[in-house]
Amino acid sequence: MSSLASPLRSHPLFPLSLSKRKPISTSSAKYLNVAPMLTPDSDHYGPSLRRGQPPTPFGTYGDDSDSDHCSSFDRSSFSRTFSVAALRVPVSDCSAIEDRLRGHLLNWPRVRNIARIPGDDIEPDIRNLLPNADGDGGQRLLSLARCPVSESDFQTEDLNPVLYRAKLAKEFNYRGFLKFRNLARISRPKKKKNAEGEGVRGNNRERKSDYTVVEVLGDEEEEDDDMSGLLGAGFRAGRWRGSTRLLLLDERHADRGFDDLPMAVKAVLKGGETPCKLPVPKLVRCQLTLFYNYWNMNEVLETLLPEGIVVPTGFETVGHIAHLNLSEEHLPYKNVIAQVVLDKNKPKIQTVVNKIDAIQTDYRTMELEVLAGNHSLVTTVTENGIKFQVDLDKVYWNSRLASERQRLVSCFASSDVVCDVFSGVGPITISAAKKVKYVYANDLNPSAVEYLVRNIVLNKMDRKIEVFNMDGRRFIKSLFSSQRSYPITKVVMNLPNDAAEFLAAFRGIFRSRSRADGCKLPQINVYGFSKAVDPEFDFHERINMALCETVVDIKIFRVRLVAPGKWMLCGSFTLPKSVAFAQESWE
Ligand SMILES: C[S@@+](CC[C@H](N)C(=O)[O-])C[C@H]1O[C@@H](n2cnc3c(N)ncnc32)[C@H](O)[C@@H]1O
């Protein structure tokens, strides 16, 4: 039984997954309990989980301390090693040689073709102190070891850093000690950035942020011997003792002898015409290891999920939350999928959730299950430069409507007064308020109203928005019947499931006014869904029915397909006079 185990072996949801997906090779028996079989694919260029070999002995790389047992898998089983050849060159000549070897160097995604050799770098400061670096290097080294004994030690013109620091400390009076932080700054070593983006392995363990490591195979002496076979005795130049870099050669040259290498590489190895003076660069064999962090989400999921199961590709993001919409077939693997999504999208994503059920509540909220990461569903989203706080547990939010909201608001003019009947936490309200004269915003959900108020304050729009918390029909009726200081010119009704039915509330809104008053009729922007063959016709019919009137001049815009064959639409029309002045109202 144990021989069928895989990277998911400890996961109860994957009993047979990899046995279905990949055959296990008997020759790789020692890896059986940790890795799937790897079938080298010689036609394939570039790294892949199938091509590389697990490091030997398997499991010495990678630390799976991140694992939690309900959702995890053995991340170290994703380490793969590849053989590559490299030129070991002095740092000072590296970029010149790199230029000369374009087209012959390793060109794998996210792998730099210049690699550092751990422990090989010599700090410029140290190099200046070393004998032979400049004439007095040895003397400087000695002077560093000196401790100040007498006043005369401080009289020396050229104080070394140790003496200089001691001198400063000694000279500080009461006021000087107030500047003690400066003293600390003088002696604090500068932080070094890892510009290479590559890890340096220590104690055979990868650091968390590392995704690749390059090691030269064999010790120094063996290295020379190895290469003498390849290059011939003539190429056994004296060993270079300064800082070096590895220039990784294209994978085609991994196992080639000197004679089979391209002319450009041979020319560099021969020295002579290379830009570098002696010492001559050396050809070395390397092992390139790519860790779990290297592989992208698809590659990892493809390995983890059983064959035949489509790898879930996209997810929606709301602030720090990744929102999956897993299908039935993915549900048995939901925790592992979520963990990979989290691993591969940190730090932006901190929580991964899955929608449990279709939206059914009155407040259009979703039932979400937290699958990985922290359990907070309160997040901040930035949409079109505006910040919104939302609690996905209590309010509606849909990032996919961002461009539609932008389109709608772009149709408003600065003189407009907007009435947002189903405002939610305010994405249309606040965006419109930035442009128009005034906005009346309403929502039935008290939590949505709470966040709406927060977001209005957050975006400093409180002087241009008035908030209401009531049913949409009542809101329409009371707003239009009261003598508001701003006559409403635009109405937004974004509750696609039922908004068309709310249109009945507009019947008779100007009933008590005289037609001669010159009341400006508002433009209505109402959203709806349609599964009909002709969605525009279908939606127009529903609008007419709700208003008990035929709207002649209407523009219907297809917002997006929300499901196969199901359109979300936006209908825009001016409220017919006959509806606004109708004598009967919806009540
Ligand atoms: C689809 S959401 C749209 C929210 C917002 N316009 C947006 O784009 O995010 C619909 C909103 O209408 C609210 N709602 C549902 N029924 C309502 C009713 N009868 N009256 C007023 N608001 C209602 C819900 O609470 C929800 O916030």
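When a ligand or atom number is given, it counts from 1 through the structure's own listing order. The structure displayed is predicted, hence computed values, not measured ones.
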Which protein non-hydrogen atom lies closest to [atom], naming both residue and atom, and how far is it?
| atom | result |
| --- | --- |
| atom 12 (O) of ligand 1 | F422 CB, 3.3 Å |
| atom 5 (C) of ligand 1 | S423 O, 3.4 Å |
| atom 27 (O) of ligand 1 | D443 OD2, 2.7 Å |
| atom 2 (S) of ligand 1 | Y396 CD2, 3.4 Å |
| atom 19 (N) of ligand 1 | D471 OD1, 2.8 Å |
| atom 3 (C) of ligand 1 | N494 O, 3.3 Å |

Exactly one of V526, I524, N525 clears side-chain contact (heavy atoms from CB on, under 4.5 Å) with V491, and that residue is I524

When V421, I476, L444 are each screened for side-chain contact (heavy atoms from CB on, under 4.5 Å) with D471, the one that passes is L444

*Hey, does D362 sit under 4.0 Å from ligand 1 if you only count heavy atoms?*
yes

Check your understanding: Below 4.0 Å from any atom of ligand 1, is there a heavy atom belonging to F502?
Key -> yes

dist L569:CG -> R542:CZ (nearest 0.5 Å) comes out at 8.5 Å

Check your understanding: Are T351 and N374 linked by a side-chain donor-acceptor pair shorter than 3.5 Å?
Key -> yes

Answer yes if the side chains of S423 and N442 hold a donor-acceptor pair under 3.5 Å, and no otherwise. no

query: Any nitrogen or oxygen of G472, main chain or side chain, under 3.5 Å from a nitrogen or oxygen of ligand 1?
result: yes

Please confirm whether L444 comes within less than 3.5 Å of ligand 1 when only nitrogen or oxygen atoms on both sides are compared. yes

### Query
Does the side chain of T317 reach to within under 4.5 Å of the side chain of S399, using non-hydrogen atoms?
no

The option among E404, R405, E383, R364 carrying the non-hydrogen atom nearest to atom 9 (O) of ligand 1 is R405

Below 4.0 angstrom from a heavy atom of [X], which ligand 1 atoms are there? Numbered from 1 as shown, please.
| X | result |
| --- | --- |
| Y363 | 24 (C), 25 (O), 26 (C) |
| P427 | 7 (C), 8 (O), 9 (O) |
| M470 | 20 (N), 21 (C) |
| N445 | 25 (O) |

**Asked** Take atom NZ in K434; do more than 12 heavy atoms of anything else shown fall under 6.0 Å from it?
**Response** yes

field: Pair K334 + E369, salt bridge at N-O below 4.0 Å
entry: yes

salt_bridge(E316, R400) N-O dist < 4.0 Å:
yes

Could you please spell out the steps behind the ring pair (Phe, Tyr, Trp, His ring centres under 6.0 Å) verdict for F502 and F422?
CA-CA 11 Å; F502 280 70; F422 310 104; 5.0 Å; yes

